[in-house]
Amino acid sequence: MRVLVSAQGYLAEQAQQLSQPWLSAQEMERWQSLGNDARKLQFLACRYALRTVLVSAEQPFHMWHLSAQAGAAPRVIQNDAQGEAAGGLGAPPSLSLAHSQNYVVCASAENVLGVDLEVQPSRRTRNVYDIAHLVCSSVEMRILRAKSDATLVNTIFLKYWVLKEALFKYRGTGLDFQRIRDISCYEGNVANKHASVLGYAWMWEAKDVEGRVLTWAICTQKAITLQDIDLVLDPSLTCTRVQSWVLVQTESHRL
């Protein structure tokens, strides 16, 4: 599994320096349909990032053909003309992508995965209780209410949000507010052994030069080790924490 976390501006600059055509026909059509330069640069940055986690010496940028339907997750297109780029006769790599403010995270792997990213300003604390009851399980709400420090409450809530977003992306369902409260996130393997495990995750926290905190997570069906992850991190970021998590079914509904 390869994971990239980088500033959008840097990725866009690198993308614009490529001389050989590298966007697929579908991507080019989508890029041309975007309404302003900012969105076009964001699209280029994300597409460059996706290829960065796909490329190898044998399969450079221009050999990867990606889908670009609005509202759908990007995927490697595989057909007779593109079979070699997509990995021959085997299944093409899975992709997942997220962006927040001016940062991008993306990942590729042999198995299905989901990623999510959130960036917090360095000096803003919001009242998460206004939305926590829509997102958190009863277990998680008890944890939040037991904390007296508002900054810590915000940090914990953000972790739950990122983990659940990554889970829904991995499952391919999109964010589902009818089910999100039926999921509980546990750090490490402390969940009840009888609970129904929905996914396993790794989460990172980092700070940028402006003091903003980045939180991103990868969710998969099966547990993986850090040694299985090739993390490519923007050199301007300082990683401060890595945690393993498990996400379980805790209420009556089934996902």
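Note that these values count all heavy atoms, side chains included, but never hydrogens, waters or copies made by symmetry.
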Step by step, would you call Gln101 with Arg212 a side-chain contact (heavy atoms from CB on, under 4.5 Å)? CA-CA 11 Å; Gln101 295 190 37; Arg212 294 178 296 182; 3.1 Å; yes
Worked verdict on Val112 versus Thr220 for side-chain contact (heavy atoms from CB on, under 4.5 Å): CA-CA 7 Å; Val112 179; Thr220 58; over 6 Å; no
CA sep, side-chain torsions, deciding dist, call: Arg30, Gln26, side-chain contact (heavy atoms from CB on, under 4.5 Å): CA-CA 6 Å; Arg30 175 80 184 284; Gln26 194 173 123; over 6 Å; no
Going through the distances and angles, do Asp182 and Gln249 end up as a side-chain contact (heavy atoms from CB on, under 4.5 Å)? CA-CA 6 Å; Asp182 299 338; Gln249 182 82 40; 3.5 Å; yes
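Side-chain contact of Arg171 with Gln221: a donor-acceptor pair under 3.5 Å is absent, judged by distance alone. Side-chain contact, Asp234 with Tyr103: no donor N or O sits under 3.5 Å from an acceptor N or O. A donor atom on one side chain and an acceptor atom on the other are not found under 3.5 Å apart for Thr151 and Asn154. Looking only at atom types and distance, the side chain of Gln243 has a donor-acceptor partner in the side chain of Lys159 under 3.5 Å away.
Here the CG-NE2 distance, from Leu144 to His133, works out to 13.0 Å after rounding to the nearest 0.5 Å. Atom CH2 of Trp202 is separated from atom OG of Ser244 by 4.5 Å, given to the nearest 0.5 angstrom. The line from CD1 of Ile218 to CE of Met203 is 10.5 Å long, rounded to the nearest 0.5 Å. Atom CD of Glu210 is separated from atom CG of Asp208 by 5.5 Å, given to the nearest 0.5 angstrom. Taken from SG in Cys46 to CG in Leu11, the straight-line distance is 8.0 Å, to the nearest 0.5 Å.
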What pairs of donor and acceptor atoms, side-chain ones from residues 13-25 against any protein atom, are under 3.5 angstrom apart with sequence neighbours left out?
from: Ser24; atom 1: OG; to: Glu27; atom 2: N; distance (Å): 3.2
from: Ser24; atom 1: OG; to: Glu27; atom 2: OE1; distance (Å): 3.1
from: Ser24; atom 1: OG; to: Leu66; atom 2: O; distance (Å): 2.8

Could you tabulate the donor-acceptor pairs under 3.5 Å formed by side-chain atoms of residues 161-169, not counting sequence neighbours?
from: Trp161; atom 1: NE1; to: Glu118; atom 2: OE2; distance (Å): 3.4
from: Lys164; atom 1: NZ; to: Val135; atom 2: O; distance (Å): 2.9
from: Lys164; atom 1: NZ; to: Glu140; atom 2: OE1; distance (Å): 2.7
from: Lys164; atom 1: NZ; to: Ile180; atom 2: O; distance (Å): 3.1
from: Lys164; atom 1: NZ; to: Ile183; atom 2: O; distance (Å): 2.9
from: Lys169; atom 1: NZ; to: Leu97; atom 2: O; distance (Å): 3.0
from: Lys169; atom 1: NZ; to: Val115; atom 2: O; distance (Å): 3.1

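Considering only heavy atoms from C-beta on, Val246 stays 4.5 Å or farther from Glu187 through its side chain. Within the 4.5 Å cutoff, no side-chain heavy atoms of Thr215 are placed close to those of Leu117. Using a 4.5 Å heavy-atom threshold, the side chains of Pro74 and Arg47 count as touching. Taking 4.5 Å as the limit, every side-chain heavy atom of Leu247 sits out of range of all side-chain heavy atoms of Tyr186. The shortest distance between side-chain heavy atoms of Asp228 and Met1 does not fall below 4.5 Å. The shortest distance between side-chain heavy atoms of Trp31 and Lys40 falls below 4.5 Å. Considering only heavy atoms from C-beta on, Asp149 stays 4.5 Å or farther from Lys147 through its side chain. Looking at heavy atoms from C-beta onward, Leu95 lies in side-chain contact with Leu54 at the 4.5 angstrom threshold.
The nearest pair of heavy atoms linking Ala12 to Ala45 is N-CB, 3.8 Å. Between Ala206 and Cys239, the shortest heavy-atom contact is CB-CA, 3.8 Å. Smallest separation of non-hydrogen atoms from Ser137 and Ser184: OG-OG, 2.6 Å.
Paired with Ile224 under the rule side chain to side chain contact (heavy atoms under 4.5 Å, CB included), one option of Leu113, Asn111, Ile229 passes, and it is Ile229. With Tyr48 as the partner, the ring pair (Phe, Tyr, Trp, His ring centres under 6.0 Å) test is satisfied by one option alone out of Tyr10, Phe43, Phe61: Phe61.
Not a single donor-acceptor pair under 3.5 Å links the side chain of Glu205 to the backbone N or O of Arg241. No donor-acceptor pair closer than 3.5 Å links the side chain of Arg2 to the backbone N or O of Val232. For the pair Arg51 (side chain) and Trp64 (backbone), a donor-acceptor distance under 3.5 Å is present. A donor-acceptor contact shorter than 3.5 Å links the side chain of Ser108 to the backbone of Val53. Listed for the Ser67 side chain is a donor-acceptor partner under 3.5 Å among the backbone atoms of Arg75.
Hydrophobic cluster membership differs between Val119 and Val209, with clusters built from Ile, Leu, Val, Met, Phe, Trp and Tyr side chains linked at under 4.5 angstrom. Two different hydrophobic clusters hold Leu41 and Val104 under the rule that ILVMFWY side chains link at heavy-atom gaps under 4.5 Å.
Ring centroid separation for the pair Phe157 and Tyr129 does not come in under the 6.0 Å cut-off.
When the side chain to side chain contact (heavy atoms under 4.5 Å, CB included) test is applied to Ser148, no partner is found at least two apart in sequence or on another chain.
Using cut-offs of 30° and 60° on the angle between ring planes, the pair Trp245 and Tyr160 is perpendicular.
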